[in-house]
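We name chains A, B, ... by the order of the sequence lines, and we start the count at 1 in each one. Keep in mind it's a predicted model, so treat the numbers as computed, not measured.
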Amino acid sequence: MQDQTPSSTVDRTVAYDFAAIEARWQRLWDDTGAFRVEDVPTDGKPKYYVLEMFPYPSGNIHMGHVRNYTLGDVVARYKRATGYNVLHPMGWDAFGLPAENAARERKVHPAEWTWRNIDAMRAELQRMGLSIDWTREFATCDPSYYGQQQKLFLSFMRMGLVDRRLSWVNWDPVDETVLANEQVVDGRGWRSGAPVEKRQLAQWFFRITKFAPELLEALPGLDRWPDRVRAMQSKWIGRSEGARVRFALADPVGEIGNVEVYTTRPDTLFGMSFLAVAPEHPLAAAATAADPAAAAFVAECRALGTSEAAIEGAEKRGYDTGFKVRHPFDGRVVPVWIANFVLMEYGTGAIFGCPCGDQRDLDFARKYGLDVVPVVLPPGEDAASFQIDTKAYDGPGEMINSGFLDGVSSSDAVKTVIQRLTEGGQGNGVTNWRMRDWGVSRQRYWGCPIPVVHCPSCGVVPVPEAELPVVLPEDVDFDLPGNPLDRHDAWRVVACPTCGGRAERETDTLDTFVDSSWYFARFCSPNAVEPVANAAAAHWMPVDQYVGGIDHAILHLLYARFFTRAMHAADIVDVDEPFAGLFTQGMVTHESYRAPDGRWLYPTEIERRPDGVVVEIATGGPVNVSAIDKMSKSKRNTIDPQEIIGRYGADTARWFVLSDNPPERDMEWTETGIAGAHRFTQRLYRLAQAIAERPDHGTSKTGVLTRAVHRTIASVTIALDQFAFNVAVARLHELLNAISDANRGLALADDAGAAEVRQAFDVFARLMAPMMPHLAAEILSQLHLTQGNAPDLTWPVADPALLVETTATIAVQVGGKLRGTIEVAVGASEETVLAAAAAEENVARLLAGKTIVKQIYVPGRIVSFAVKA
RNA sequence: GCCCGCCUGGCGGAAUGGUAGACGCGGCGGACUUAAAAUCCGCGGCUGUAAAAGGCGUGCCGGUUCGAGUCCGGCGGCGGGCACCA
């Protein structure tokens with residue numbers, strides 16, 4: 001090991017040659033397998049699993065990746081230094097639509113395109129100097145991964161977690177393909193431009209709703225998740241308590257004798273003035289059959305539904321079907337409307353309208369002249385005069401105009417109504433969930449094949465495990481519209497595993513969210529012959545720290561939580577929650593530039609003149625500097641990480657990304673910021689060399705510098721534990737300034753002082769090592785301070801004795817305002833401190849002639865005199 | 001419309017209810033240099049003063065407290081998420 005340490009030639013005239021030095025250390029780490037861990041380690045060390053969301057291999061890494069992987073790497077290296085075995089793997093979320101788009105546009109096979117991108121991006125990531133165990137790398141498009149996923153699918157199928165049913169999709173009639181939401185632009189297919197149709201297809205589903213209660217109940221236990229993410233998930237799952245109410249139609253409509261409604265406010269039933277159904281509701285269908293105007297209205301609603309902008313600003317509209325229902329309690333006859341704001345997917349697809357208690361219902365009633373009867377009296381209002389005008393009241397209160405409920409509180413009324421409905425067989429109390437089952441069918445080639453065959457006589461038959469994986473055929477073409485798997489007879493047509501007759505493979509592939517719902521478990525034993533080796537998962541799961549973007553706050557994290565529970569139920573893992581800790585980072589932003597004619601310009605195409613004016617280099621014309629935006633190709637405001645690393649080095653890029661601001665917020669990439677970070681690394685290197693030249697034979701003393709070192713150890717440790725990396729950077733700046741000052745003021749013969757400075761630098765380098773690993777390793781090696789290899793560095797521990805100060809500066813307030821400070825010995829008695837405070841010149845002046853009504857002393861901090869004249 | 005987050009110098013930001021503005025970026029002054037760059041040293045909320053003292057200051061208004069950037073109530077602005085969720 002020792003002889004592999006790079007030679008450290010100190011030449012103080014040469015600036016820090018980051019390119020050579022970073023490459024050298026990376027090679028050493030790679031050659032020695034520095035970051036490799038066992039599937040089931042036996043050395044008795046505690047485990048720590050750090051994972052960043054794995055990247056989609058789009059072609060190149062971007063600044064968002066740099067930020068993401070730097071944050072995770074700091075945690076991984078820090079935990080390793082404090083004595084953990086750290087699992088820190090990397091892989092590729094390699095299935096997905098862009099590969100098929102590339103195939104159509106550039107005639108390159110999705111597999112070839114994907115693997116090429118992976119090779120390029122792996123090299124780019126490796127230049128960042130991440131402490132990753134690359135022996136665990138895999139891509140989800142590899143049959144050795146998706147074959148295991150097919151086994152999981154079949155397990156879930158046996159467990160009753162898989163379902164096949166009809167579902168609506170966006171259908172492009174020209175491309176003969178199902179469109180993703182992002183492929184629908186203004187109601188038209190993005191490529192064909194044809195108006196999108198809604199079509200019903202048989203689709204595969206995971207029954208995630210079976211887990212809805214536990215996915216919700218486990219959220220409070222995820223105490224190392226951001227509150228924000230837990231709140232978003234909770235709302236998405238959307239548990240509500242309410243009632244189903246059956247309304248009998250006054251006259252049956254065909255087969256339909258009644259309409260069922262879901263409500264969270266059964267107490268307001270007497271305020272009902274209409275019933276509204278979704279445009280897709282069977283009763284709406286019945287209305288359209290006989291009434292062309294109703295049909296026209298429903299068609300309008302469908303068209304509106306595809307455009308998001310239209311829904312946003314859509315006014316509440318409806319159509320009176322002429323059907324009537326009977327109120328379950330007072331027997332009133334109430335009209336049935338079709339309304340554009342009622343959703344078929346939620347509840348029963350029908351509501352009762354209570355205008356006084358719901359703003360949407362009120363708007364609707366006012367528009368169409370329906371009754372508005374107040375039924376809940378807000379506290380402090382008078383029943384005789386209370387009116388609903390343009391604002392509905394949805395709070396609690398006393399029931400009025402409500403028959404047998406009058407005088408009861410609205411919360412009691414909920415119970416009473418549910419009881420009455422149940423007794424009368426007109427309804428019952430129910431718990432409703434907003435979350436729907438997870439549709440996993442995709443009519444695409446570049447995804448994991450669903451391992452079933454369709455047999456005309458046996459129906460849906462799972463592919464026997466011995467025949468897995470069902471591998472994607474390679475000889476496909478993308479010249480024709482539709483899914484190439486549908487046209488590939490040699491692949492598609494098979495013998496039925498049960499009866500041996502002619503059958504056909506399922507040609508739907510799985511949603512790529514499935515691929516990312518268990519990859520973290522596969523990383524524990526990436527070569528296992530089963531999806532996950534139990535012993536490895538038992539050791540490493542759950543992920544202790546997961547790091548990624550807030551954009552995955554709901555779907556990816558919820559699906560992964562569902563999968564983990566399902567895998568637990570199948571005895572594959574022994575945890576319920578995949579991610580014990582979650583950190584969500586902000587976006588990377590940058591200024592964007594636009595020429596007067598509207599063209600977006602790359603940062604490299606503009607120049608900032610000394611007078612501050614920004615011009616286009618090519619034309620010399622003025623440039624409009626636009627707002628700080630998320631880096632995006634369309635606005636051309638991206639900064640290429642490779643260019644930055646080439647110019648400044650990986651350590652400098654990492655340092656800037658960490659120092660700019662708190663990592664959960666959006667950061668702004670600035671040229672001055674990265675240049676400043678670069679100056680810091682150069683300064684640090686120069687100082688290290690200056691210190692290296694001093695004689696190295698003294699015994700260190702314990703001076704003010706050593707005390708500063710130990711304070712820094714304590715504060716940096718706390719900062720890293722809290723993900724306050726920008727604060728850790730600030731504390732390290734302070735320490736470097738202190739070391740620099742001490743070194744400058746050192747007499748040539750002061751061997752003890754030199755030893756103190758040297759020792760301070762040793763600690764400094766170890767504290768910064770998680771953030772700038774190459775430079776830290778290089779400096780320690782050059783100073784012959786810590787022998788060996790950066791990953792073997794130990795984290796310094798603060799000596800509590802050196803954190804104790806002998807004197808304290810105490811602030812003195814008079815009347816709540818700061819009027820002076822005093823220096824006192826730590827441990828001085830309260831009387832002594834109060835006397836000293838009162839004697840302070842300025843304080844004494846302000847206290848003169850006043851009466852002290854109260855004096856407060858907070859030891860070590862502050863004295864406060866409350867006075868009156 | 002609903003939900004969440006944020007608001008502190010020119011800028012990014014720091015601050016267990018206890019000296020607001022650490023640290024950095026930019027700026028200004030000085031040293032070095034023929035000069036520039038780099039580097040090194042110093043200054044730095046606003047106002048006020050010869051210098052002090054003092055006054056004002058964490059989006060706005062109010063409250064709790066000896067003491068509020070921090071806690072509570074209200075208002076405003078900015079950003080993000082969403083499937084109009086009955």
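The side chain of A/Ala730 approaches B/A22 more closely than any other nucleotide in the set B/A22, B/G81, B/G24.
Under the rule for a salt bridge (Lys or Arg N to Asp or Glu O under 4.0 Å), the partners of A/Asp741 that lie at least two apart in sequence or sit in another chain are A/Arg744. Qualifying ring-ring contact (aromatic ring centres under 6.0 Å, His included) partners for A/Phe656, counting only residues two or more places apart in sequence or in other chains: A/Trp669. Under the ring-ring contact (aromatic ring centres under 6.0 Å, His included) criterion, A/Phe764 pairs with A/Phe761, not counting sequence neighbours. Contacts of A/Ser411 classified as side chain to side chain contact (heavy atoms under 4.5 Å, CB included), with partners at least two apart in sequence or in another chain: A/Ser409. In this structure, the ring-ring contact (aromatic ring centres under 6.0 Å, His included) partners of A/Tyr559, at least two apart in sequence or on a different chain, are A/Trp438, A/Phe513. Applying the ring-ring contact (aromatic ring centres under 6.0 Å, His included) test to A/Phe725 and every residue at least two apart in sequence or in another chain returns A/Phe723. The salt bridge (Lys or Arg N to Asp or Glu O under 4.0 Å) check on A/Arg434 picks up nothing, with sequence neighbours excluded.
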For nucleotides 70-72 of chain B, tabulate all protein N/O to nucleotide N/O atom pairs closer than 3.5 Å, reporting atom names and distance.
none

Side-chain donor-acceptor distances from residues 813-820 of chain A under 3.5 Å, at least two apart:
none

(request) Scan nucleotides 7-17 of chain B nucleotide by nucleotide, 5' to 3', and note B when protein non-hydrogen atoms come under 4.0 Å of the base, S if they reach only the sugar-phosphate, - if neither. (result) -----SSS-B-

(message) Each nucleotide in nucleotides 49-65 of chain B should get exactly one letter: B, S or -. Can you fill that in based on protein heavy atoms under 4.0 Å?
(response) ----SSSS---------

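Remark: RNA chain B forms stems of 3 or more consecutive Watson-Crick or G-U wobble pairs, all pair distances under 3.5 Å, at B:1-7 with B:76-82, B:10-12 with B:23-25, B:27-31 with B:39-43, B:45-47 with B:54-56, B:59-63 with B:71-75.
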